[in-house]
Protein chains: 2
Amino acid sequence: MIKHKTKLEDVAKLAGVSLATVSRVLNHPNIVRPELRDKVSQAVASLSYTRDAAARALKSGRTHTIGAVVPTLGISIFAEGVEALQNRLSEHGYTLLLANSQYDVNKELQEVRALIERGVDAIVLVGDSSSNEVHALIKKHGIPVVITYVAHSKRGTPAIGIDNEAATREMTRYLIGLGHREVGVIANVPAANDRSRARLSGILKTLEEAGATLPKSRLIKAEHSLVQGRMGLQQLMKSHPQITAVICTTDTLAVGAMTEARAMGIPVPSALSITGFDDIELSSQLDPPLTTVSIPAAEIGRGAADHLINAIAGLPIPLVTDLPFRIVIRGTTAKARTTNPRRLTRA
Amino acid sequence: MIKHKTKLEDVAKLAGVSLATVSRVLNHPNIVRPELRDKVSQAVASLSYTRDAAARALKSGRTHTIGAVVPTLGISIFAEGVEALQNRLSEHGYTLLLANSQYDVNKELQEVRALIERGVDAIVLVGDSSSNEVHALIKKHGIPVVITYVAHSKRGTPAIGIDNEAATREMTRYLIGLGHREVGVIANVPAANDRSRARLSGILKTLEEAGATLPKSRLIKAEHSLVQGRMGLQQLMKSHPQITAVICTTDTLAVGAMTEARAMGIPVPSALSITGFDDIELSSQLDPPLTTVSIPAAEIGRGAADHLINAIAGLPIPLVTDLPFRIVIRGTTAKARTTNPRRLTRA
DNA sequence: TTCTATCCTGAAATCGTTTTCAGAAACAGC
DNA sequence: GCTGTTTCTGAAAACGATTTCAGGATAGAA
């Protein structure tokens with residue numbers, strides 16, 4: 001237990017200078033005469049003095065703290081992004097305040113409010129489907145903010161991430177190029193998830209452009225879990241055995257689908273191609289390894305940190321930082337089988 | 001942008017009372033006369049006033065903030081624990097400051113120091129292998145702390161978690177009961193990880209007690225990744241084809257091992273039993289589903305939150321909270337095959 | 001009605017910094 | 001040697017809440 005928390009005054013006394021000088025040495029070392037500066041630094045060191053964060057925050061109005069609200073840490077790309085974010089913040093002397101929304105816009109609002117009351121200097125959000133209240137609140141307090149994992153700005157809010165729609169477009173085109181026309185989709189569509197919507201939209205549009213418009217019955221909406229991936233595939237293949245490719249909007253769903261395909265005795269990729277999205281660690285280690293879209297989660301986290309640190313310093317930051325995704329072609333995709341039960345079912 | 005941040009004084013003026021009364025209504029509503037209290041509450045609401053956290057912290061010495069340092073969020077049990085911790089803290093008006101150590105004791109120390117300088121009211125650590133400096137620092141500041149994921153207290157520090165050694169003991173006994181004597185182990189052993197050590201120790205001791213002492217060459221030390229699980233299994237089975245069971249200290253390693261077993265054409269569980277530890281989501285969905293140890297990560301997070309909130313309030317908290325683990329027997333374990341290439345190789 | 005005990009309320013001090021403002025010191029120019 | 005600059009330093013005023021301490025109001029008792 002500490003008896004008498006050392007404060008600025010103690011340092012000043014020991015160094016034989018005023019409070020102001022000590023403060024200056026700590027904050028703007030270059031404006032104080034070298035010999036005094038050294039004397040003060042020495043005193044600081046010998047007392048192992050650290051400034052009281054609360055007092056500092058009160059007077060200066062800055063907490064050196066950044067808040068983030070993610071949907072959940074259970075999804076590894078968010079966990080990875082948060083970790084990278086925290087590491088970068090830490091390097092710059094910032095502390096991360098973390099909250100999760102469980103994909104619930106009201107909980108997100110509540111957590112953002114709590115963060116603002118804590119006086120965070122900036123905020124990181126995921127996606128652009130936060131409620132208007134959230135953005136109004138943030139704007140009202142004049143706090144820098146960045147939305148992550150998406151590469152478009154809705155309300156003029158800076159964004160850093162990938163173009164989800166472009167990614168699924170490319171993946172879908174790839175499958176079409178392999179001759180797939182009988183396609184099924186397993187998509188996770190939580191209400192508050194614009195990323196999933198963008199991914200789905202990319203698939204549907206590309207399919208349509210290729211003249212393979214997706215019938216409703218071939219679109220399975222699922223929660224983001226392995227089980228739902230399994231169930232989705234089962235449902236799809238039972239009712240549409242002619243399907244030659246299944247596009248999933250996340251790797252978790254795709255892995256579930258692969259497991260079920262194996263259980264149903266459907267060989268992947270010879271009889272059925274499966275694709276994912278996210279490129280989680282597991283995907284490359286499966287047998288066969290999963291064809292998927294790799295997204296730079298760590299880079300998103302680091303980039304968000306950098307942007308906000310700049311914004312706090314009053315520097316301008318880019319409105320949209322469109323990071324590259326990567327289509328990773330592995331073992332779960334192949335040319336469409338030609339021995340279809342029936343050929344070309346129309347929508 | 002806010003022009004004139006509403007403060008206590010504004011509320012007081014509107015309600016026609018003094019600052020002190022407003023503060024009382026906010027902190028100890030019961031000691032102020034109901035009619036005044038209502039008037040103040042109304043004023044607070046109509047101005048949508050919130051107290052300045054920094055000023056509050058400065059004067060009261062409490063930040064209503066709790067810090068946690070975890071090795072990494074990349075391991076799902078930690079992500080799950082952190083999420084549960086944050087949710088519970090949030091319910092009680094606390095904010096989580098999160099940092100990660102990457103299993104590096106120096107980084108952990110540095111992050112703990114940063115947390116303390118931020119003035120956290122309490123700290124959550126993972127495991128009991130933090131450096132002495134960390135504990136000395138925490139003690140010096142008189143900050144409540146709890147270590148998680150383990151069920152023993154080393155330096156008198158409260159702990160909440162499971163008995164890792166007991167868990168692997170039970171699992172190993174189960175395998176021995178199935179007739180396995182030719183056993184291999186894939187263990188992740190980062191330097192700063194007492195949990196892994198405890199898990200390994202439980203395996204080795206139990207094996208020894210059963211007269212099946214593990215030769216060094218059958219213990220593969222691995223990093224915590226799927227790839228290393230694969231490589232571990234390969235190494236093990238190539239040099240010791242007589243092995244009938246492989247115990248892994250995490251599910252990730254076990255999943256890697258399963259993948260490799262399949263690639264090597266070794267049927268699981270008929271020719272080889274494999275066990276994991278953690279029970280991550282994937283494990284139950286594999287084919288065959290993985291036999292493993294299930295640990296109550298969310299409960300650990302919630303419990304840590306509850307303990308610390310109590311400790312801050314000056315209430316006593318239990319030194320050790322030993323939460324139950326669960327041996328989950330699924331499809332990767334079966335009786336030892338009897339058609340061994342060779343019988344009973346001795347150490 | 002007056003006095004005492006009980007409850008509340010408000011004025012003011014305080015928490016530990018940062019920062020403005022003005023004055024002291026040092027220096028150069030004439 | 002004296003005045004005009006320039007550079008640093010220190011005293012003091014915030015920042016916005018919490019809380020002590022004492023006095024005023026109210027109620028109860030005589």
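In this text, all values refer to a predicted model and were calculated from it rather than measured experimentally. Lettering follows sequence order; numbering is per chain, from 1.
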| task | Quick one: label A:Leu36 by what it contacts on the DNA or RNA (base, sugar-phosphate, nothing), any heavy atom closer than 4.0 Å. | result |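 It contacts sugar-phosphate atoms only.
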What's the [atom1]-[atom2] distance between [X] and [N], to the nearest Å?
X: B:Lys13; N: C:dT9; atom1: NZ; atom2: P; result: 20 Å
X: A:Lys59; N: D:dA17; atom1: NZ; atom2: C1'; result: 14 Å
X: A:Leu58; N: C:dT18; atom1: CG; atom2: P; result: 11 Å
X: B:His28; N: C:dT9; atom1: NE2; atom2: C1'; result: 15 Å
X: A:Asn27; N: C:dT17; atom1: CG; atom2: C1'; result: 9 Å
X: B:Asp52; N: D:dG16; atom1: CG; atom2: P; result: 7 Å
X: B:Glu35; N: D:dT26; atom1: CD; atom2: P; result: 10 Å
X: B:Arg33; N: C:dG10; atom1: CZ; atom2: C1'; result: 13 Å

For [X] and [N], is the shortest distance between a side-chain N/O and OP1 or OP2 below 4.0 Å?
X: A:Arg51; N: C:dG16; value: no
X: A:Thr21; N: D:dG10; value: yes
X: A:Ser23; N: C:dT18; value: yes
X: B:Tyr49; N: D:dG16; value: no

| task | Could you say whether A:Glu9 or A:Arg24 is positioned toward the 5' end of DNA chain C, judged by the nucleotide with the nearest heavy atom to each? | result |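 The residue mapped nearer the 5' terminus is A:Glu9.
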| task | Starting from the 5' end of DNA chain C, give me the residue, A:Arg56 or B:Asn30, whose nearest nucleotide shows up first. | result |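 The residue whose closest nucleotide sits nearer the 5' end is B:Asn30.
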Is it the case that the side chains of [Y] and [X] hold a donor-acceptor pair, with the cut-off being a distance below 3.5 Å and no angle test?
X: B:Glu111; Y: B:Ser101; result: no
X: A:Arg24; Y: A:Asn30; result: no
X: A:Ser131; Y: A:Glu108; result: no

| message | Assuming nearest nucleotide by heavy-atom distance, tell me which of B:Ala20 and B:Ala55 is located more 5' along DNA chain D. | response |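 It is B:Ala55, whose closest nucleotide lies nearer the 5' terminus.
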| task | With side-chain hydrogen bond (donor to acceptor under 3.5 Å, both in side chains) as the test, would you mind laying out the steps for B:Thr72 and B:Gln102 before giving the verdict? | result | CA-CA 6 Å; B:Thr72 170; B:Gln102 307 287 352; 4.9 Å; no
| task | Using a 4.5 Å cut-off on heavy atoms from C-beta on, say whether the side chain of A:Val150 contacts that of A:Val126. | result |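 They are not in side-chain contact.
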